[in-house]
Peer 1: 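Dropping a structure here in structure tokens format, bear with me for questions.
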Amino acid sequence: MPLLFRLALVVAALDGLLGVGLGAFAAHGLKATATPDQLALVQTASLYQMIHAAATLGALWLVERGRVSVAAPLAFAVGAFVFGGALYAIALADLRLGMVAPIGGTMMLIGWAWLLVSAAIRR
């Protein structure tokens, strides 16, 4: 298994694990103590991580079939990890990370654009 393929798969698994784990933790463990804004940030992070974990797996399936390069799933996985991590840090640790979340969001957009271009130009 090529290194970048494996990296995308590992990060997708981390995205899924964190998305479910921290989403459940917020819904059950933080409900009484967190502010609505904090809960909303965790819910957003969890949602995007779960969606992009699944998108990464689907794109990796396309990689195996030679339909797209590993760039799209790697951008999905790493972007979701960065985006989610920044939102979790803001919500749970009150860290101000500046432009970190938008960098992750941009990476996810790059993954979707890469997939779109691959589909449009592929014979």
Side-chain angles (χ1 to χ4, degrees):
M1 183 181 310
L3 178 63
L4 291 179
F5 187 97
R6 184 180 309 166
L7 178 62
L9 185 57
V10 166
V11 178
L14 280 171
D15 284 332
L17 179 69
L18 290 172
V20 171
L22 290 174
F25 174 66
H28 301 289
L30 293 179
K31 199 166 194 167
T33 59
T35 67
D37 287 341
Q38 289 171 313
L39 290 174
L41 284 173
V42 174
Q43 287 175 336
T44 299
S46 178
L47 175 66
Y48 276 75
Q49 279 193 296
M50 292 303 301
I51 289 169
H52 285 85
T56 300
L57 296 176
L60 286 170
W61 182 80
L62 293 171
V63 169
E64 284 189 330
R65 277 133 192 86
R67 309 286 175 144
V68 66
S69 80
V70 75
L74 193 57
F76 288 154
V78 174
F81 186 81
V82 170
F83 179 79
L87 292 186
Y88 295 135
I90 292 166
L92 302 175
D94 198 31
L95 295 177
R96 296 295 167 219
L97 298 177
M99 294 298 292
V100 175
I103 290 169
T106 300
M107 291 177 70
M108 290 184 287
L109 288 169
I110 288 169
W112 288 111
W114 196 285
L115 202 59
L116 174 65
V117 169
S118 295
I121 65 171
R122 197 77 180 170
R123 288 185 178 192

Peer 1: If you look at every heavy atom in Ala8 and Ala77, which pair is closest and at what distance?
Peer 2: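 That closest heavy-atom pairing would be O-CB, 3.7 Å.
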Peer 1: Taking all heavy atoms of Ser69 and all of Pro73, pick out the closest pair and write down the distance.
Peer 2: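 Minimum heavy-atom separation between Ser69 and Pro73: O-CD, 3.5 Å.
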Peer 1: Measure the CZ-CG distance between Phe5 and Leu9 for me, rounded to the nearest 0.5 Å.
Peer 2: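 Those atoms lie 6.5 Å apart.
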Peer 1: Would you say the side chain of Val70 lies within less than 4.5 Å of the side chain of Pro2, judging by non-hydrogen atoms?
Peer 2: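 Of all side-chain heavy-atom pairs linking Val70 with Pro2, none is under 4.5 Å.
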Peer 1: Measure the shortest side-chain to side-chain distance between Leu115 and Phe76 over non-hydrogen atoms and say whether it is less than 4.5 angstrom.
Peer 2: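 Of all side-chain heavy-atom pairs linking Phe76 with Leu115, at least one is under 4.5 Å.
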Peer 1: Which atom pair, heavy atoms only, marks the closest approach of Ala53 to Gly16?
Peer 2: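 Ala53 and Gly16 have their closest heavy atoms at CB-N, 3.8 Å.
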Peer 1: Nearest 0.5 Å, please: how far is CH2 in Trp114 from CE in Met107?
Peer 2: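 It comes to 12.5 Å.
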Peer 1: If you group Ile, Leu, Val, Met, Phe, Trp and Tyr by side-chain heavy-atom gaps below 4.5 Å, do Phe81 and Leu60 land in one group?
Peer 2: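 Linked, Phe81 and Leu60 end up in one cluster.
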Peer 1: Does atom OH of Tyr88 have more than 12 heavy-atom neighbours, drawn from other residues, nucleotides or ligands, at distances under 6.0 Å?
Peer 2: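 Yes, the 6.0 Å shell around OH holds more than 12 heavy atoms from other groups.
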Peer 1: Do you know the tightest heavy-atom contact between Arg6 and Met1?
Peer 2: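 Scanning both residues, the minimum pair turns out to be NH2-O, 3.5 Å.
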Peer 1: Mind checking whether Leu17 and Val78 sit in one hydrophobic cluster, side chains of I, L, V, M, F, W, Y counted as touching below 4.5 Å?
Peer 2: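 Hydrophobic grouping puts Leu17 apart from Val78.
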Peer 1: Could you pull out the closest heavy-atom pair between Gly111 and Ala72, with the gap in Å?
Peer 2: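 Taking Gly111 first and Ala72 second, the nearest heavy atoms are O-CB, 3.7 Å.
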Peer 1: Are Val68 and Ile51 linked, directly or through other ILVMFWY residues, by side chains that come within less than 4.5 angstrom of each other?
Peer 2: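 They do not share one cluster, since no chain of ILVMFWY contacts under 4.5 Å joins Val68 to Ile51.
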Peer 1: Verify the cluster assignment for Phe83 and Leu39: are they in a single hydrophobic cluster under the rule of side-chain heavy atoms below 4.5 Å apart?
Peer 2: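 The answer is no; the residues belong to distinct hydrophobic clusters.
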Peer 1: Look up atom CD in Gln49 and atom CG in Leu14, then write down how far apart they are to the nearest 0.5 Å.
Peer 2: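 If we round to the nearest 0.5 Å, Gln49:CD and Leu14:CG are 9.0 Å apart.
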Peer 1: Please name the pair of heavy atoms, one in Thr56 and one in Ala12, separated by the smallest distance, quoted to 0.1 Å.
Peer 2: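 Heavy atoms only, the tightest pair is CG2-CB, 3.6 Å.
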Peer 1: Could you see if Leu87 belongs to whatever hydrophobic cluster contains Met99? Use Ile, Leu, Val, Met, Phe, Trp, Tyr and a side-chain cutoff under 4.5 Å.
Peer 2: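 Leu87 and Met99: separate clusters.
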Peer 1: Which of these, Leu22, Leu92, Thr35, sits in a side-chain contact (heavy atoms from CB on, under 4.5 Å) with Leu30?
Peer 2: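 Exactly one pass, corresponding to Leu92.
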Peer 1: Any side-chain heavy atom of Arg96 sitting closer than 4.5 Å to one from Ile90?
Peer 2: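 Of all side-chain heavy-atom pairs linking Ile90 with Arg96, at least one is under 4.5 Å.
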Peer 1: Going from OG on Ser46 to CG on Asp15, what distance comes out if it is rounded to the nearest 0.5 angstrom?
Peer 2: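 CG of Asp15 is found 10.5 Å from OG of Ser46.
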